[in-house]
A.B. asks: 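Handing you this structure, nothing more for now.
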Amino acid sequence: MTSTLKTVNPATEETIDTYKTMSDEEMRAAIELCHGAFNEWKLVSLEERAKVIKAIGQALRDNKEEFARLMTEEVGKLIGDSRDEIELCAAICDFTAETGPKELADEERDIPDGTGVITYAPVGVIYGIQPWNFPCYQAVRYAVANLMAGNGVMLKHAENCTGSGLFLRDVMKKAGLPEHLFTVLLIDHDQSDKVIAHNLVRGVTLTGSDGAGRIVAEQAAKHLKKTVLELGSNDAYIVLDDADLDLAVETCAAGRIYNNGQTCVAAKRFIVTEKNYDAFVERFTEQMKTMTMGEPTDESTKLGPMSKTSLRDDLAKQVEDSVAKGARVLCGGEVPAGKGAYYPSTVLVDVKPGQPAYDDELFGPVASVIKAKDDEDAMRIANDSRYGLGGGIFSKDETRARELASKHFDTGMVCINKYNVAIPNMPFGGVKDSGYGREHGGFGMKEFVNAKSLYMA
């Protein structure tokens, strides 16, 4: 029986399109075609690969408005955020094209009686399983680095942004990427396990929840396949005694509702010292109240719908469970009437261990505000999480904040007196249950290569 994938507009709950899933035979044929394309691509020089990567960036810019509107339609992103996402992806292509040939060039080292050469050889087909919150970026982030390295790339995108995955494939083809080198697989979860097991697939990368990460890592480990995992988080933003409160309030509110609150590296827990707690809560709550919901294509809208009604309902349940265990709602906290996967910007206080608002990732526009005794206690609470993707520190003493970030904050990324999502020349990734491996900053180009040693006489 043939199954289908369906995309639904979360603002209207209307079906956008349906797509027929591949049969197992079609899936295996797609893997073989991707591997065949890899066998030719791996022989292309680094400089020629870089030219194609650069062209992909330009093609993304050339198709920005159409792509942005498709993403907004499929997952409810604000149209301005969708445009910014395309620009970020184009910048990733520019950075990769510029730095790739140098990052992946052969290295020579002195060895006894000769010369040692380290060459970064591509390994084959890399399989990416990606979520819906950044339909272009999540795919570009791993795909472009691996294409630069000489690998073939396959994508299993989230069902609700299937159209975006196919659009990206077509953009890459227009830019001159050889056919089948970037392949979109329209498959289900059971078929995905078969892809991981396929002998021509050499690596697996996943962005998703820590639960999904465990499942994929286990499947890959059965077949000795390397994985890179970028998983969920519950990022803490610490407001220390000497923080600039105006800056902290404005930045924390923006960091919480960015991308409708659905960002793995969003600001989620706000840990404020007693000295600033009351003032921060009052100002922060007022700022969150201004985040009015609306149609995501309207340029004036500050908060669009979540990507699915089911995910919105999951978030509402987390809030309800937190309140039942002692948390208080200062604004928002109720599912609005009418169509669409909308949920209001919400502030929770009296957040304590044992509540979903403290322990788990709230993937939507809900902020958890936690009181700390002092700066030391704030750092303790920040690290009291199974996650470790990102975080932030607000302090007027930047030297001290830098030391706290580098020596004490147990995360992969820390923002100081600002909020940031991703920058092409800086590594992206986490620790603990937020996963392992790095993307961006040149690191992603070497995650799936064979650092091969040549011993020359």
Side-chain angles (χ1 to χ4, degrees), residues 88 230 232-259 261 263-288 347-349 351 353 357-358 361-362 367-435 438-441 443:
L88 172 59
E230 194 276 282
S233 194
N234 195 4
D235 288 0
Y237 274 63
I238 306 171
V239 182
L240 300 182
D241 279 352
D242 68 343
D244 179 331
L245 271 189
D246 290 336
L247 176 65
V249 167
E250 181 180 353
T251 307
C252 289
R256 176 61 285 205
I257 63 103
Y258 178 72
N259 203 48
T263 306
C264 53
V265 73
K268 292 168 185 163
R269 289 183 298 149
F270 302 91
I271 302 167
V272 188
T273 59
E274 281 183 338
K275 177 182 177 181
N276 293 313
Y277 182 81
D278 290 340
F280 177 88
V281 167
E282 180 181 359
R283 296 187 206 175
F284 180 69
T285 303
E286 289 304 311
Q287 186 77 3
M288 289 288 279
V347 176
L348 299 177
V349 294
V351 174
Y358 187 99
E361 179 177 37
L362 303 189
S368 301
V369 186
I370 304 167
K371 183 189 290 188
K373 294 177 183 178
D374 51 29
D375 291 357
E376 183 178 355
D377 192 40
M379 181 58 69
R380 177 192 66 79
I381 295 170
N383 286 330
D384 184 27
S385 173
R386 70 180 188 273
Y387 296 114
L389 186 59
I393 299 173
F394 289 91
S395 170
K396 292 177 182 175
D397 186 344
E398 291 192 1
T399 300
R400 178 168 176 258
R402 178 172 173 173
E403 182 175 2
L404 287 172
S406 62
K407 295 182 180 179
H408 300 284
F409 216 149
D410 194 12
T411 66
M413 300 170 281
V414 184
C415 296
I416 297 174
N417 293 324
K418 64 185 298 185
Y419 171 71
N420 184 75
V421 180
I423 297 175
N425 67 346
M426 293 290 287
F428 188 102
V431 295
K432 300 192 284 186
D433 282 9
S434 289
R438 289 296 180 269
E439 296 168 308
H440 295 327
F443 291 82

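Counting begins at 1 with the first residue of the sequence.
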A.B. asks: Quick one: does Arg269's side chain have a donor or acceptor within less than 3.5 Å of a partner on Ile381's backbone?
C.D. replies: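 At least one qualifying donor-acceptor pair exists.
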
A.B. asks: Is the backbone N or O of Met413 less than 3.5 Å from a side-chain atom of Thr411, with the two atoms forming a donor-acceptor pair by type?
C.D. replies: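 Yes; judged by distance alone, with no hydrogens or angles, the pair exists.
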
A.B. asks: Which distance, rounded to the nearest 0.5 Å, do you find between the CD1 of Ile238 and the CD1 of Ile271?
C.D. replies: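 These two atoms lie 5.5 Å from each other.
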
A.B. asks: Rounded to the nearest 0.5 Å, how far does CD of Glu361 lie from OG of Ser385?
C.D. replies: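 So the OG of Ser385 and the CD of Glu361 are separated by 9.5 Å.
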
A.B. asks: Would you check if the side chain of Arg256 reaches a backbone N or O of Ala266 as a donor-acceptor pair within less than 3.5 Å?
C.D. replies: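 No; judged by distance alone, with no hydrogens or angles, the pair does not exist.
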
A.B. asks: Is it true that the side chains of Asp397 and Ser395 contain a donor and an acceptor less than 3.5 Å apart?
C.D. replies: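 Side-chain D/A pair, Asp397 to Ser395: absent.
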
A.B. asks: State whether the side chain of Arg380 and the backbone N or O of Asp375 hold a donor-acceptor pair below 3.5 Å, judged by distance alone.
C.D. replies: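 It does not hold such a pair.
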
A.B. asks: If you measure from CG on Leu245 to CG on Asn276, what distance do you get to the nearest 0.5 Å?
C.D. replies: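 Spacing of CG (Leu245) from CG (Asn276) equals 4.5 Å.
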
A.B. asks: Which pair of heavy atoms, one from His440 and one from Ala422, lies closest together, and at what distance?
C.D. replies: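 What the structure gives for the nearest pair is NE2-CB, 4.0 Å.
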
A.B. asks: Show your reasoning for whether side chain to side chain contact (heavy atoms under 4.5 Å, CB included) applies to Ile257 and Met288.
C.D. replies: CA-CA 9 Å; Ile257 63 103; Met288 289 288 279; 4.1 Å; yes

A.B. asks: So which heavy atom on Tyr277 is nearest to which on Val369, and how close?
C.D. replies: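 For Tyr277 versus Val369, the nearest heavy atoms are CE1-CG1, 3.8 Å.
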
A.B. asks: Can you confirm whether more than 12 heavy atoms, excluding those of Phe443, are under 6.0 Å from its CZ atom?
C.D. replies: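 No - once you tally the heavy atoms of other residues, nucleotides and ligands closer than 6.0 Å, there are 12 at most.
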
A.B. asks: Quick check for you: to the nearest 0.5 Å, what is the distance between Leu348 atom CG and Tyr358 atom OH?
C.D. replies: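 Leu348 CG to Tyr358 OH: 14.5 Å, rounded to 0.5 Å.
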
A.B. asks: Answer yes or no: is there a donor N or O on one side and an acceptor on the other, between the side chain of Thr285 and the main chain of Glu282, under 3.5 Å?
C.D. replies: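 Looks like no, no N/O pair under 3.5 Å.
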
A.B. asks: Going by the salt bridge (charged side-chain N to carboxylate O under 4.0 Å, His left out) test, which pairs reach into residues 417-435, not counting sequence neighbours?
C.D. replies: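 Sorted result for residues 417-435: Arg214-Asp433, Arg386-Asp433, Asp410-Lys432.
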
A.B. asks: Please examine the side chains of Arg400 and Leu240, heavy atoms only from C-beta on, and report whether any two atoms are closer than 4.5 Å.
C.D. replies: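 A side-chain contact exists here, since the closest heavy-atom pair is under 4.5 Å.
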
A.B. asks: Between Tyr237 and Cys252, which heavy-atom pair has the shortest distance, and what is it?
C.D. replies: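 Smallest heavy-atom distance, with atoms named: CB-SG, 4.3 Å.
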
A.B. asks: Please examine the side chains of Phe280 and Val249, heavy atoms only from C-beta on, and report whether any two atoms are closer than 4.5 Å.
C.D. replies: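 A side-chain contact under 4.5 Å exists here.
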
A.B. asks: Any side-chain to backbone donor/acceptor pair from Asn383 onto His408? Under 3.5 Å, distance only.
C.D. replies: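 It does hold such a pair.
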
A.B. asks: Roughly how far, to the nearest 0.5 Å, is the CZ atom of Phe270 from the CZ atom of Phe284?
C.D. replies: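 These two atoms lie 4.0 Å from each other.
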
A.B. asks: Quick one: are Val349 and Lys371 in side-chain contact, heavy atoms under 4.5 Å?
C.D. replies: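 SC-SC contact between Val349 and Lys371 ruled out.
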
A.B. asks: Could you give the distance from NZ (Lys373) to OG1 (Thr273), rounded to the nearest 0.5 Å?
C.D. replies: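 Here the interatomic distance stands at 13.5 Å.
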
A.B. asks: Can you pull out every salt bridge (charged side-chain N to carboxylate O under 4.0 Å, His left out) where at least one residue sits in residues 240-249? Sequence neighbours excluded, please.
C.D. replies: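 For residues 240-249: Asp246-Arg283.
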
A.B. asks: Quick check: closest heavy atoms across Gly390 and Val265, and the distance to 0.1 Å?
C.D. replies: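 Closest heavy-atom pair between Gly390 and Val265: CA-CG2, 4.2 Å.
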
A.B. asks: May I ask you to decide if Lys396's main-chain N or O and Asn417's side chain share a donor-acceptor pair within less than 3.5 Å?
C.D. replies: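 Side chain of Asn417 to backbone of Lys396: no pair is present.
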
A.B. asks: Take Cys264 and Tyr387 through the test side chain to side chain contact (heavy atoms under 4.5 Å, CB included) and record every step on the way to the result.
C.D. replies: CA-CA 11 Å; Cys264 53; Tyr387 296 114; over 6 Å; no

A.B. asks: Can you name the nearest heavy-atom pair linking Ser368 to Leu362, along with the distance?
C.D. replies: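 Taking Ser368 first and Leu362 second, the nearest heavy atoms are OG-CD1, 4.1 Å.
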
A.B. asks: Nearest heavy-atom pair of Asp377 and Ala372: which atoms, and what distance?
C.D. replies: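 What the structure gives for the nearest pair is OD2-CA, 3.5 Å.
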
